Amino acid sequence: MEDKLEESQACDKTQPESSDVSNQECVDTEKKAYHFDIHKKTFSQYNVLLTSIKLKYSRTIHRSIKPYRCDICDKTFSQSSTLTNHRRIHTDEKPYHCKVCGRRFTQYGHLSRHKYIHSGEKPHRCEICGKSFSQIDSLTRHKLIHTGEKPYQCGICGKTFSRSSYLNVHKSVHTNEKPHRCDVCGKAFSGRSTLTNHKRIHTGEKPYHCDICGKTFSGYNSLTSHVQGHTGNKPYHCDICGKTFSSSSRLTNHIRIHTGEKPYHCNTCGKTFSQNSHLTQHVRVHTGEKPHHCDICGKTFTQRGHLTIHIRGHTGERPYSCDICGKAYADNQSLTRHKPVHTGEHPHRCDVCGKAFTQSTHLKIHLRGHTGERPFSCDICGKTFSDNQHLTRHKPVHTGEKPYGCDICDKTFSIKRSLTNHKQKVHAKQTIKQEK
């Protein structure tokens with residue numbers, strides 16, 4: 001029988017529409033099952049099998065041809081459906097919505113994956129460690145933990161990644177491209193998922209919750225790291241020092257301590273950072289942005305963590321306690337600073353004069369005494385300081401604010417040191433006279 005020829009729309013080549021599929025088909029007359037070995041699928045009808053072969057062949061031949069162009073950003077695509085999904089980035093159209101929580105999505109596949117959050121179903125299981133996932137692509141990414149494979153490489157610096165999405169976000173480090181902009185505050189981001197997480201700062205949305213303690217989070221990665229705090233699972237291992245971590249991102253950040261790598265740089269002052277979050281926090285020094293707001297007193301902060309610790313000042317919560325003396329603190333850093341009181345440890349030593357400190361920040365400020373560096377300046381009079389605390393104590397000189405009050409005579413002072421001197425000189429003398 002003479003083969004029919006079907007002309008491809010992508011080029012002038014023709015493809016055979018023959019009933020002979022060579023070694024790629026196996027027919028079971030009773031079950032009517034047709035097997036296609038290339039992508040391991042079984043079909044009940046022969047014409048469906050043939051169509052699948054032709055489609056697979058056509059996509060393989062024409063995957064480099066991208067005839068569909070976005071009229072907004074000029075990006076090109078090989079399929080019209082991919083262009084349709086892409087355009088929703090510009091229009092913010094989200095036609096698919098969850099009937100349980102009302103959340104909307106640009107693609108039906110995203111909605112399907114989201115539904116597993118409500119059902120709790122995790123049908124995809126890792127045969128190595130037994131961990132289960134709601135999505136097959138999540139399982140595929142998870143397996144790379146066991147193999148250590150990082151198949152996606154940056155063509156500029158050679159850095160490799162386990163996910164293509166990580167590579168795409170990384171590329172913006174070289175190009176500084178930030179195509180995703182927040183319509184509330186105007187801030188731009190290199191990745192769409194980063195924008196999505198950022199928007200939750202404005203909305204206060206925390207859709208991810210811990211099944212163990214009930215705590216909620218704005219990002220899935222934050223939830224994952226938190227849960228591993230309950231389980232104690234730390235599958236990511238540093239080959240240099242042996243330290244283990246609950247997430248690959250924390251391991252990556254840790255390794256930069258050994259390598260000294262600081263890939264994130266500030267476009268304003270040129271300062272470099274090992275983590276993108278540190279750069280984000282630093283940029284707010286230049287912009288003055290304080291997006292995190294206390295609902296009790298109205299005070300604003302550059303970092304969410306600072307707001308959390310501040311709120312504990314109102315509530316009196318002190319969740320971190322010393323296992324030696326029982327003293328409790330509002331944040332873990334304060335507890336860490338306290339512990340050397342018991343151990344006498346001073347691990348941070350100055351290479352210039354040999355003085356040792358319990359905290360790295362104290363050493364950093366001390367070194368500025370040798371170098372003369374004073375990076376914190378008053379925007380009113382221009383006076384400079386070696387650390388931010390001194391600048392904060394200086395500012396009330398201009399504002400007239402006197403936040404430090406004497407509990408004996410009700411006199412107020414603009415700086416804490418003046419209050420201390422007042423008590424020593426005035427009230428200490430009064431006490432001595434009364435004793436005489």
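What's counted below: heavy atoms across the whole structure, side chains too, no hydrogens, waters or symmetry copies. Computed from a prediction, not measured in an experiment: that's the story for all the values here.
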Could you list the residues that satisfy ring-ring contact (aromatic ring centres under 6.0 Å, His included) with His362, not counting sequence neighbours?
-> none
Side chain to side chain donor-acceptor pair (under 3.5 Å) partners of residues 145-160, not counting sequence neighbours, each pair once = His142-His146
Write out all pairs satisfying salt bridge (Lys or Arg N to Asp or Glu O under 4.0 Å) with one or both partners inside residues 297-318, taking only residues at least two apart or from two chains.
-> Arg312-Glu317
Calculate, to the nearest 0.5 Å, the distance between atoms CZ and CG belonging to Phe245 and Leu251 respectively.
-> 6.0 Å
Looking only at non-hydrogen atoms, find the nearest pair between Phe77 and Thr82 and report the distance.
-> CD2-CG2, 3.5 Å
ring-ring contact (aromatic ring centres under 6.0 Å, His included) partners for His370, two or more places apart = His366
Intermediate values then yes/no, side-chain contact (heavy atoms from CB on, under 4.5 Å), Gln303 and Ser277 | CA-CA 10 Å; Gln303 301 177 39; Ser277 59; over 6 Å; no
Minimum heavy-atom distance Phe301-His310, with the two atoms named = CZ-CG, 3.2 Å
Indicate the atoms forming the closest heavy-atom contact of His394 with Cys381, along with that distance.
-> NE2-SG, 3.4 Å
Could you tell me if the ring centre of Phe376 sits under 6.0 Å from that of His390?
-> no
Please round to the nearest 0.5 Å and tell me the distance separating atom OH of Tyr320 and atom CD of Gln333.
-> 10.0 Å
Of all heavy-atom pairs between Val227 and Cys210, which one has the smallest distance, and what is that distance?
-> CG2-SG, 4.3 Å
Hey, is the main chain of Ser80 close enough, under 3.5 Å, to the side chain of Thr84 for a donor-acceptor pair?
-> yes
State which residues pass salt bridge (charged side-chain N to carboxylate O under 4.0 Å, His left out) with Asp92; sequence neighbours excluded, sorted by chain then number.
-> Arg192
Euclidean distance, Ser132 OG relative to Leu139 CG, rounded to 0.5 Å | 9.5 Å
Do any pairs count as a side chain to side chain donor-acceptor pair (under 3.5 Å) and have a residue in residues 343-356, sequence neighbours left out, and if so which ones?
-> none
Residue pairs passing the side chain to side chain donor-acceptor pair (under 3.5 Å) test with at least one member in residues 94-110, sequence neighbours excluded, are His110-Arg113
Quick one: does His124's side chain get under 4.5 Å of Ser138's, heavy atoms only?
-> no
Contacts satisfying salt bridge (Lys or Arg N to Asp or Glu O under 4.0 Å) that involve residues 364-375 (not counting sequence neighbours) are Arg368-Glu373
Taking ring-ring contact (aromatic ring centres under 6.0 Å, His included) as the test, write out the residues that go with His265, two or more places apart.
-> none
Considering only heavy atoms from C-beta outward, does the side chain of Cys70 approach that of Thr76 to under 4.5 Å?
-> no
Close side-chain approach of Leu363 to Cys350, heavy-atom, < 4.5 Å | yes
Taking the side chain as every heavy atom from C-beta outward, state whether Cys406 and His422 have any pair of such atoms under 4.5 Å apart.
-> yes
Of all heavy-atom pairs between Ala330 and Pro319, which one has the smallest distance, and what is that distance?
-> O-CD, 3.9 Å
So, do Arg250 and Gln275 sit near enough that their side-chain heavy atoms are less than 4.5 Å apart?
-> no
Any chance you could lay out the side-chain contact (heavy atoms from CB on, under 4.5 Å) test for Arg256 and Thr252, step after step, and finish with the verdict?
-> CA-CA 7 Å; Arg256 288 175 183 150; Thr252 300; 3.9 Å; yes
Do Ser274 and Asn253 touch side chain to side chain, with heavy atoms closer than 4.5 Å?
-> no
Centroid-centroid distance, His209 to Phe217, less than 6.0 Å | no
Are there more than 12 heavy atoms of other residues, nucleotides or ligands under 6.0 Å from atom NZ of Lys75?
-> no
Is any side-chain heavy atom of Ile201 closer than 4.5 Å to a side-chain heavy atom of Pro291?
-> yes
Quick one: NE2 on His202 to SG on Cys185, what's the gap to the nearest 0.5 Å?
-> 3.5 Å
Qualifying residues under salt bridge (charged side-chain N to carboxylate O under 4.0 Å, His left out), relative to Arg284, sequence neighbours excluded | Glu289
Distance, nearest 0.5 Å, that separates CD1 of Ile72 from CD1 of Ile89 | 10.0 Å
Would you tell me whether Tyr264 and His278 have side-chain atoms, one donor and one acceptor, within less than 3.5 Å of each other?
-> no
Could you go through the side-chain contact (heavy atoms from CB on, under 4.5 Å) check for His342 and Cys325 one step at a time?
-> CA-CA 9 Å; His342 301 295; Cys325 68; 3.4 Å; yes
When rounded to the nearest 0.5 angstrom, what is the spacing between NZ in Lys425 and OG in Ser418?
-> 9.5 Å
Name all residues meeting the salt bridge (charged side-chain N to carboxylate O under 4.0 Å, His left out) criterion together with Asp323; count only those two or more places apart in sequence or in a different chain, and write none if there are none.
-> none
Side chains of Arg337 and Ser334: is there a donor and an acceptor less than 3.5 Å apart?
-> yes
Walk me through it: do Ser377 and Thr384 pass the test side-chain contact (heavy atoms from CB on, under 4.5 Å)?
-> CA-CA 4 Å; Ser377 64; Thr384 57; 3.7 Å; yes
Residues in salt bridge (charged side-chain N to carboxylate O under 4.0 Å, His left out) contact with Arg181, at least two apart in sequence or another chain = none
Of all heavy-atom pairs linking Thr358 and Pro340, the shortest is CG2-CB, 3.6 Å
Take Arg87 and His90 through the test side chain to side chain donor-acceptor pair (under 3.5 Å) and record every step on the way to the result.
-> CA-CA 5 Å; Arg87 291 191 70 180; His90 302 297; over 6 Å; no
Is there a side-chain contact between Ser414 and Arg393, using heavy atoms and a 4.5 Å cut-off?
-> no
